[in-house]
Structure formats: structure tokens, C-alpha cells
Chemist: 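The structure is given below, and queries will be raised subsequently.
Throughout, protein chains are lettered first and strands after them, A, B, ... in sequence-line order, and every chain is numbered starting at 1.
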Amino acid sequence: MRREGASVDWSREKFTMDEDLSRAVREVFVSLYEEGLIYRGNRIVNWCPNDQTVLSDLEVQKDPQPGKLYYLRYPAKNGQGGVTVATTRPETMLGDTAVAVNPNDQRYRNLIGATLLLPLTGREIPVVADEFVDPQFGTGAVKVTPAHDPNDYEIGLRHSLTQVVVIDPHAKMTEAAGSDFAGLDRYKARQKVVAEFEELGLLEKVDDYEFSISKCERCKTVIEPLISLQWFCRMDKLRDLALDLMVKEKRPQFVPEVPYEKVYTNWLENLRDWTISRQLWWGHQIPAWYTKDGKVVVACSYEEACAKAGTDELTQDQDVLDTWFSSALWPFSTLGWPEETEDLKTFYPTSVLVTARDIIFLWVSRMVMMGMKFMGQRPFDEVFVTGTILDKEGQRMSKTKMNGVDPLEVFDNYGVDATRIMLASVGSTDIRWNEKQVESYRNFANKIWNAARFCLMNSEGAAVDPESLRVGVQEQALHDRWILSRLNKTTADMHEALSGYQFHEAVQTLYHFFWNDFCDWYIELTKTEVTAEEATTRRTEARTRLLTVLEQALRLLHPFMPYITEELWQRLPGANAKLLNKSYAGASPTIMLTAYPLSATELIDEEAEWQMQAVIDLMSRVRNIRSEMNIKPGERVPILISAPDEKLRRVFSASVDQISRLARASDVSISDRLNAPRASARAVLSGGAEVAIPLEGLIDFEQERQRLRKEQDKFQAEASKLEAQLGNANFVERAPEETSQAIVARNTRARGRFVAGEKMIVAGLEAAEEVFISLDSQPQLEAFVADGEEIEAGKVIARMVGFADVLLAGEHVALNLLQRLSAVATLTNQFVHAVEGTGAAIVDSLDTTPGMRMLERYAVLLGGGRCSHLGLDDGVLITSNHLAIAGGVADAVRNAKQKLGHLHKIKVQISSEIDLQEAISNGADILLLEGLPAEEVARLGAVARNLSSVVSVECSGNITLQNVRAYAEAGANTISISALTNSARAMKVTFQIQPF
RNA sequence: GCCCGCUUGGCUCAGUGGUAGAGCACUCGCUUCACACGCGAGGGGUCAGUGGUUCGAAUCCACUAGCGGGCACCA
């Protein structure tokens, strides 16, 4: 834990065997005993013959394994017939004291009360009737061994059967098993019993049978159920305390709630008494003493016991308590209970317990029960259940499987920081261990280091200064306002994620901020200022800002990556005592004692964020064109930008230096209209802006064609070679499967590339060259896709997009055209998305509920008008399978009818009689009456029927019997029921009813 | 048998009604002076299947299949 950098108060380290905690244990034991919640008794328990101790139900592990089911015949005493029983453990028959059958089982009805002769022993045993017996299983008759089987034990109690102990604590047969068997190991005895039954002709058959066998969780020895004198803790009352807490206060709150809350309560509901004594050498010795005559005295100490017993001739119970008994007291015993200490008052109840799911029963539930019992309050508010790290195959790690991962080794290989942040990112889901993930966080650590190195290399004359960020914010450059906004938004997101235990979210947020926002963009954007030769005020300010942002980022990262953040923080100029959390004023400076950053919401600047994003998008598109066009990285190209919006032009203008540096431009020109030469690559940006790179002189079509030809030759050569190899029968026959598959794959790839290249050359370049020239001429392009009328828009898009892929230009022209083709086509998301870029000028004013965005796009595209006209609140939504059109009802219906009448029925949602009249007179097909009172529905329905017999009426809303009647009277032929309020689950049904 | 969870690109996983994401892997290009544990660009997913609800479903509901977990039983 220390190496891992756990930030705990080591001065409070505790061990349950410490004297103070042991005292709490005795105190609790005595108290529960006096209340009757702890008792000592002879019960059947889980006994480990190897460890020589009793175990609780939770310490027993059930393993399914193949075994045999033996059918043994027990003759009747009167010699007439008998009963066959089935058993997996024949040796226990020596301790049988009855055979049980189900009272309703016709087959055995006459046998109930009969006496059987137990073979090998000569014992006479009765046949008893017990509901427990399942007539379907085995023969329907069960041998009953009360001393060696938990269920038989219960049956035995119900029928007052004798308990014959035939197996001892070492799993050897006892004298009671008969002199032939005494001293034999249980498995030897099994063989012998089976052999003798066979000899006597009483072994009916032996079936293969798989069943679960109970083993000792620790040593894997098969458990022997034995009757034994042990200490038990009654759980019913304690359990109710925990269940009540959940019902009344919903505590503890499990995170994640599903499935753990239910797992926890289900377990509590089925809880049985807890065996708390153990026959181990180590643990809290049970505070019970015995007098010479066997009287029991329970007390906190020997002295007290003597006083109670009135004698000092006492011997203490040799057994110890289950370790989980003392663990259950942990939340308060560590705080000094039973003393009423300051710690106890201050820290109890605690806030959160972080734990693994397999100790919810062992520990969490018991802490809750004991906390409620002795403190009267929950021990903690929340329980965060971590995920489990599985091995590569998805198996749980275990010592026996040797598939565990040694954390120290991972620390050595990748560093503690990388390991920690990787594990934190897992949150509460199970995850397969994957070193690659740790490696990626190691790379992240390296990135942090290098970024900080850059900052430190350029820090002369500057120092961390949080106050500086707030001064003159409005006068700062765009990228500065942007990074401050990003930083504070990230900070706010961190608080949100952490308070909800969304660790994965938190880690992703930090990773993205640091790597993408801070390193990829901010450092690059501010580099010129920061690395300036001359020591100007501007340089100092830039350096200060850079250091300050870095410092806050380090503090955000610190809980996840303590070592690297401390190391770097110590080196930052200005990272000193001033930054410490006030509570630690005067301490020596360390990032550990600084305050976790709070978000300065006034620095969150949406305006700066979208502006910066526009510039970033611009640079990305330019880089994309450069890359696709194979423009050399070093080559500078002229960039032409157009933006109809003046504000956007100003944003670009202000960033010209950045753009030319980061997009490698020789010249940047910005205007309101794009005036690019013919052979230009273009891209569409948001806000109706466009960017173009003239390719004249940069790309030589003839040369490009030759380059591609050369590449083609290479692919073809490779393919031929591979094909020759595959054609060689010897190779195919003798080569290992893996190799031949690899060759096939390589060939496929080479061939694929060849084909793609061919296509590119033929369909692309040659057409490109031609179309490039005609690109600006819309009529020509239109002619090019003249058959578009007959094909679906989706296909046109595919074609155009493919086209654009080759050309990287003309996209906007193509899409303009598509807008006009849209009326004949089925609209697709892809289409809308594609158009959004070019139609941005129109869509731009979108500001409506997210649920309607898609509809509105369609509406806009189909000429329904600007989005601002479209409002659900106006009650003029018109729907027609995925279509909404803005405007007044009359206009809208006409519009819809005209555009889509032949494709769809026009459904109009109405809320007034005027709407209704307009809708009907303009040809609406369906009226939707939604969310209106029943009387209103009936009234409007009647009006509608008077006006037109063709129009159908659809109703939805709050469905009650009365409403349905009103809807029917309104002439509704469809009633949509969208919610049934009184049902636990919302059911969604649509009724078709006959019109009156 | 009962209850619960999971199924998203080659891999490991995010994403609880509005244009499918990350890391790794892959392809192309780059000795750009913080970082090749790097930089830039790119390809790749009918979100297990079927049906339903919705203007719209990876997301809500039902069923099916596969995987996993818990509980009970196992004579």
C-alpha cells in the first residue's frame, strides 16, 4: 500500500488483535451473550477434518464434480419387500436411523411406520413420512443420517430420531460404525460398504452422477458435516436491523446499486445462524470460562468471570472467534469504542466503504448489523464495489491457477502512476487484465513529463500564479480564453464524475484534456509567444499562463498519478506554500496538501470554445487535404477561406498566424465568397464557411497517374509472387496452417489494393481530371448525375461521396444538387448529415429541443421555412412518417401535400378548431388529437366528421375507460396508449377499434 | 430451479432516447528544435438476434440465443 502511494493516515493503523480492539470484541461478545443472541449448543456444522475446525457457511466452497449415485436396498423386518434408497455417500448408511418418504407418495403409503432392517448393522429403523422428501428424485425414499447430513439432521429433529455418530473429527469411522469399520477412513469405508452390499445382493445399481461437493475454502478438504458443540450467533434480530436500515433509509447505498443492493438484501433475508467459534490456534479467544462442574460464565475478563462465578477455578474456552467477528466491529472499534472518544463522535458514521464484491456478505453486511446494534447507526453511507480484474481469458485470478498478476512487478515495468490510473479507470466493472492498457497510461505519464519539460524549459521570468488567470480575460487571445475555458470545464466535469464515483469518466476527462486540449493544441498554439527570444511582457504573461494551467492540471491528476505530479510540481517555479490548502498553512509545500481545484465558472467561455473549434476544424480539414493529396509535409500551400458570416471571418483573421503555422500555409486569404481557381481541393466547414487549396502546380495529374501506376506494379508483382507460392502444391501441403493463411491474407490485401488502385486511376483520376474542370459549372454536374431522378438519394449520396473522396472537392456543389433531388427520395440520416455542412447557413439558427432536431432538419430541407417558425408549443406540428414542416397549418399541410402527398398520408396534430378546419380543407389525411380533455376530443371529432368523411382521427393521451369512449365517439379509429400511469411498468399498446 | 448482469470496430472497454466513441492494433506520411512511450492523416462497427413502443432506439419493453455471476437444491 505504501508503494502504491495510498494516501492514508498511517498514524491510525490498526489491527484487530490490538488490545483496544480486542476489548471491543469481548465487550460485544458478552453483551450479545447476555441478550441471548450468542449461545452455545450441539448443532450440525461444517467440519474440516484437515484443519480440525468448524467453518461458517460462507467459508465453504461448493464444487460440482462427477460422482456416483448408489442404490441400496434395505429389507423390511418382516421379510416382505423393503425399500431402495439412493445415496452419494454409502458409508453414512452405518449411521442411518430412519428412511423417509413423502407422505403423499402413493408408492410408499403402506410402508410408513414399517420397520426396516439396516444391513451390516442389524439395526431396526422406521420408515417416516416427511414433506422434505422429493418423490421425483432417486427412488423417492431417503436414508436418514441425522448425525452426518444437515437435512437429515433436521428430519431427525422432527421425528425424534437418534443421532448415531459414525464418523469422527478426523473423518474416520467410529466404534459406533461397527467393529468391521471402526478406524477406517471415510472413503475406504465407502468401498467396503459398497462391496458388502454387493455381496449381500442389496446393491441395486450404481449411476454416474454429478453433484456439488462442499470443500474447505482454505485447504480444499471435503467438508464433513458433524454434530458438534459450538458457539453460535443468532442472526434474526441483527438481520432485521440491517434490513430495516435499507427499507427506511436506503443505507448503505451501494454503488453500483444494481445488482449489489439486491444481492445484499436477498442474502440477509435467507440468513441462518452464524457459527462463530473456531478450533484454530490464532484469534480472539472466546471470553467464556467453565467451572469445575461445567457451568459457563461469560465475561470481559478472567477477574470478572471469577467474580461472577464465585470461584477462581475457571478454565477458559479454548476456541477462538471467527476473524470476521472482530472485523465486523471495525467501523467503530478502530475509533475507540466502547469508549466515547472524540474520534468516534467525529468520524462515525463514516462516508464510504470501498470494497470488493466477494466480501459483501463476509464483512459489509456484518459491519452494518454490528454498527446498528452497538452504535445505533449505519457504519457508512455508501459502499463502492470495485470491479474484479480477471486474467486474459476472463478467469478469476487465483493462487492455485497461478494466473495472478503481481502488482509490484507491474509497478516495476510501467510505474505506479500508470498502474494506478489504469486501475482507477476500470471503475466497478470487471475487466480482463491487459498490459497494453497499462502501457498506454505509461505513455500518458511520459507525455505529461515531456509537456512539463517544455513548460519548464521556457519558464524563465515566470511563475505559477492562479490569480493571473482572472485578470483581463477579455483582452486575451482566443486560444488563451479557450484553454482557460477547457481547464475549468474539465475541473467541473471532474467534480461531477468523482462525486458520482464515475472513475472511468474522470480518467477519460483528464486524459483528453491533457493530451488533446493542452498538448496537441494549446502548447502548439502558444508556442511562438512562449519561446520568443525577446523577454517581453507578452512572453512573461504567456509563460505564466502556461505554467499556471499546467499546475492546475497536475493537481487534478494528482490523486490518480501521485508520484509524477509531485515530482513535477516541486519543480514548477511558484509552486510553493501559497498554494496549500488553508488547513495546512505553514506545512512544507507539497502537491499533496494543496486544494483540489475548484472550477472557476466565470472562466468557462462558450463563445471562445466554438470559435477555437472553428479554427481547429479549419486546420484539420486543411491537413486532411494535404495528406490525401500527398502534399509534402514541408511544402507550404496557399489557403483560401470564405465565410459568409463576418464574425467568423474575424475569428479566422485573428488566427491567421496560427493557421499558417499549424496548417503550413504560405498564404491565408479570407473573404466572404470563395474565389478559388478551378483545380482546387475544397472542404466545407461549419457555419457555411469553406476552405480551398489551389492545387495548380502542386499536383501534376500526369505525374500522379504515373505514381499510381508504379504503385500498381508493385502490388501486382507482390500478388503474382504470392499466387505463385500458393500455386505450389508442395507449399500448400507442407506449410503450417498459419503460414499459408498469412500468405493468403497478404495476397488478398495486395490484390485488393491493386483493384482499388485501378479503380482510382480509371474512375477517379481520369474522371477527376475531366470533372475537375467542369466542377464549378453546376449544369454540367447536374448532367453528370442526370439519372439521379430515378435513383434513391442514398445511392446518389454514396456516389457523390465516393466521388468527393477521389476529388476532395465539389462536395458542396454535389450536395446543393442533392437538396433539389431530395423530394423524390427517401431521406436518410446520412443525407441530412451531409447536407448539414452546406446548408449550415439555414440550419444555423437551430435552437430547439433536442428531440426535434432531426425533424426540423427535414423541415428546413424541404422548404418548410426557417426553424424558428417551428415550435411544438404552437401546436402546429405536422407529422407524416418522419416529416415535420413548419409554418401555419394551412401552409404546412399544402406544402407537405405537395412534396409528399404521393408518398405519405399527412398527419396533423391539432389543438383547436381553426387548426382542424385548415388542416382538413388543405387535404390532411389524419388528425392527431393528443393530450386534450375528453370533452374537447369528442367535440373536435364531431366537427371533423361533419367536415369530411375521409379524414381519420387518431387519439392519444391519458387512457381511461371514459376517455376511450370519448375518443371512440370522436370517430377515432386508432387510439395510442402511450402510458398507463398506475402500472409499475409503462406498457405501450396501440388499439385498433372500429369506428362507430 | 429462482434471481441478476453482460453481448458495441481485430483486442480491451466507455457510452441509460437525438449525427456511433476511446485506448491498443492496422494503413499512409513525417529525424516539424517537449515528447518516435512521439507528430499528422486515414480505414474499420446493420451496437448478439427477432418483435414492439417512439417522429427517432446501442439506449426503453418483450421474447430468443450465447457468456458470466449470485442463491437454493443436489438422498
Chemist: Look at A:Asn151 and B:C74 and indicate whether a side-chain polar atom (N or O) is within less than 4.0 Å of OP1 or OP2.
Modeler: yes
Chemist: So which heavy atom on A:Thr84 is nearest to which on A:Ala141, and how close?
Modeler: O-CB, 3.8 Å
Chemist: Under 4.0 Å, counting only non-hydrogen atoms across every strand here, what does A:Phe132 touch: a base, just sugar-phosphate, or nothing?
Modeler: sugar-phosphate
Chemist: Measure from CG on A:Asp520 to P on B:A36 and round the result to the nearest Å.
Modeler: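 About 15 Å, once rounded to whole Å.
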Chemist: Please measure how far the P atom in B:C2 lies from the corresponding atom in B:G9, and state the result in whole Å.
Modeler: 32 Å
Chemist: Show the nearest heavy-atom pair for residues A:Pro90 and A:Tyr70, with the distance to one decimal.
Modeler: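 Heavy atoms of A:Pro90 and A:Tyr70 come nearest at CG-CD1, 3.3 Å.
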Chemist: For atom P, what is the distance between B:U27 and B:G43, given to the nearest Å?
Modeler: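 One P to the other, the span is 15 Å.
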Chemist: Please measure how far the C1' atom in B:U16 lies from the corresponding atom in B:C11, and state the result in whole Å.
Modeler: 26 Å
Chemist: NA contact type, A:Gln136, heavy-atom cut-off 4.0 Å: base, sugar-phosphate, or nothing?
Modeler: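 A:Gln136: no heavy atom of the nucleic acid under 4.0 Å.
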Chemist: Write down the distance separating the P atoms in B:G15 and B:G21, rounded off to the nearest Å.
Modeler: 16 Å
Chemist: Just to be sure I understand the rule, does A:Asn458 reach a base, reach only the sugar-phosphate, or reach nothing, if contact means heavy atoms closer than 4.0 Å?
Modeler: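 Since no nucleic acid heavy atom lies under 4.0 Å of A:Asn458, the category is nothing.
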Chemist: Indicate, with a heavy-atom threshold strictly under 4.0 Å, whether A:Ser440 touches base, sugar-phosphate, or nothing.
Modeler: sugar-phosphate
Chemist: For a quick check of understanding: with a heavy-atom distance under 4.0 Å over all strands, which category does A:Val426 fall into, base, sugar-phosphate or nothing?
Modeler: nothing
Chemist: May I ask you to verify if any side-chain N or O of A:Thr429 is less than 4.0 angstrom from the OP1 or OP2 atom of B:A14?
Modeler: yes
Chemist: Within the modelled atom types, does a donor on one side and an acceptor on the other bring the side chain of A:Gln502 and the base of B:A14 under 3.5 Å apart?
Modeler: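 When only heavy-atom distances are counted, A:Gln502 does not reach the base of B:A14 through any donor-acceptor pair under 3.5 Å.
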Chemist: With rounding to whole Å, what would you report as the distance between B:U19 and B:C47 at their P atoms?
Modeler: 15 Å
Chemist: Counting just side-chain N and O atoms, does A:Asn624 come under 4.0 Å of either OP1 or OP2 of B:G40?
Modeler: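 No, because none of the side-chain N or O atoms of A:Asn624 sits under 4.0 Å from OP1 or OP2 of B:G40.
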Chemist: So A:Tyr209, base contact, sugar-phosphate only, or nothing? Heavy-atom distance under 4.0 Å.
Modeler: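 Here A:Tyr209 touches the backbone only, sparing every base.
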Chemist: Taking the six-membered ring of A:Phe454 as reference, does the NZ or CZ atom of A:Lys527 fall below 6.0 Å from its centre and within a 45° cone about the axis?
Modeler: yes
Chemist: A:Asn443 CG to B:C39 C1': how many Å, rounded?
Modeler: 14 Å
Chemist: Give the rounded distance in Å between these two atoms: CG of A:Asn516 and C1' of B:A22.
Modeler: 10 Å
Chemist: Under 4.0 Å from OP1 or OP2 of B:C13: is there any side-chain N or O of A:Lys436 that close?
Modeler: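 So the side-chain polar atoms of A:Lys436 never come under 4.0 Å of the phosphate oxygens OP1 or OP2 of B:C13.
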Chemist: Taking atom P of B:A72 as reference, at what distance in whole Å does atom CG of A:Leu271 sit?
Modeler: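 Spelled out: CG on A:Leu271 to P on B:A72 is 11 Å.
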Chemist: Base, sugar-phosphate, or nothing: which does A:Arg442 touch, judged by heavy atoms less than 4.0 Å apart?
Modeler: base
Chemist: Between B:C24 and B:G38, how far apart are the P atoms? Round to whole Å, please.
Modeler: 7 Å
Chemist: Kindly say if A:Trp515 contacts the phosphate of B:C39, meaning a side-chain N or O under 4.0 Å from OP1 or OP2.
Modeler: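 Indeed, a polar side-chain atom of A:Trp515 lies that close.
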Chemist: Using a 3.5 Å distance criterion without hydrogens, assess whether the side chain of A:Ser627 forms a donor-acceptor pair with backbone atoms of A:Arg623.
Modeler: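 Absent.
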Chemist: When we call it a touch if two heavy atoms are under 4.0 Å apart, what does A:Leu69 touch: a base, just sugar-phosphate, or nothing?
Modeler: sugar-phosphate
Chemist: With a 4.0 Å limit, can you tell me whether A:Lys62 has a side-chain N or O closer than that to the phosphate oxygens OP1/OP2 of B:C74?
Modeler: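 For B:C74, OP1/OP2 do not have a side-chain N/O of A:Lys62 under 4.0 Å.
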Chemist: So, for A:Leu662 and A:Met619, which heavy atoms are closest and what is the spacing to 0.1 Å?
Modeler: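 In terms of heavy atoms, the two residues are closest at CB-SD, 3.6 Å.
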Chemist: How many Å lie between CZ on A:Arg357 and C1' on B:G70, as a whole number?
Modeler: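 The distance from CZ of A:Arg357 to C1' of B:G70 comes to 9 Å, rounded to the nearest Å.
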Chemist: Quickly work out the A:Leu268 CG to B:A72 P distance and round it to whole Å.
Modeler: 13 Å
Chemist: Provide the distance between the two P atoms, one in B:G40 and one in B:C67, to the nearest whole Å.
Modeler: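 Straight-line distance between the two P atoms is 43 Å.
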Chemist: Could you give the distance separating B:A20 and B:G56 at their C1' atoms, to the nearest angstrom?
Modeler: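 Comparing C1' positions in B:G56 and B:A20 gives a spacing of 15 Å.
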Chemist: Applying ring pair (Phe, Tyr, Trp, His ring centres under 6.0 Å) to A:Tyr414 and A:Tyr441, what does each step give before you reach the verdict?
Modeler: CA-CA 8 Å; A:Tyr414 299 99; A:Tyr441 286 108; over 10 Å; no
Chemist: Using whole Å, what does the distance between atom C1' of nucleotide B:C2 and atom NZ of A:Lys262 come to?
Modeler: 10 Å
Chemist: When you check the phosphate oxygens OP1 and OP2 of B:U12, does a side-chain N or O of A:Arg432 lie under 4.0 Å from one of them?
Modeler: yes
Chemist: Shortest non-hydrogen contact from A:Pro146 to A:Ile44?
Modeler: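 Residues A:Pro146 and A:Ile44, closest heavy atoms: O-CD1, 3.8 Å.
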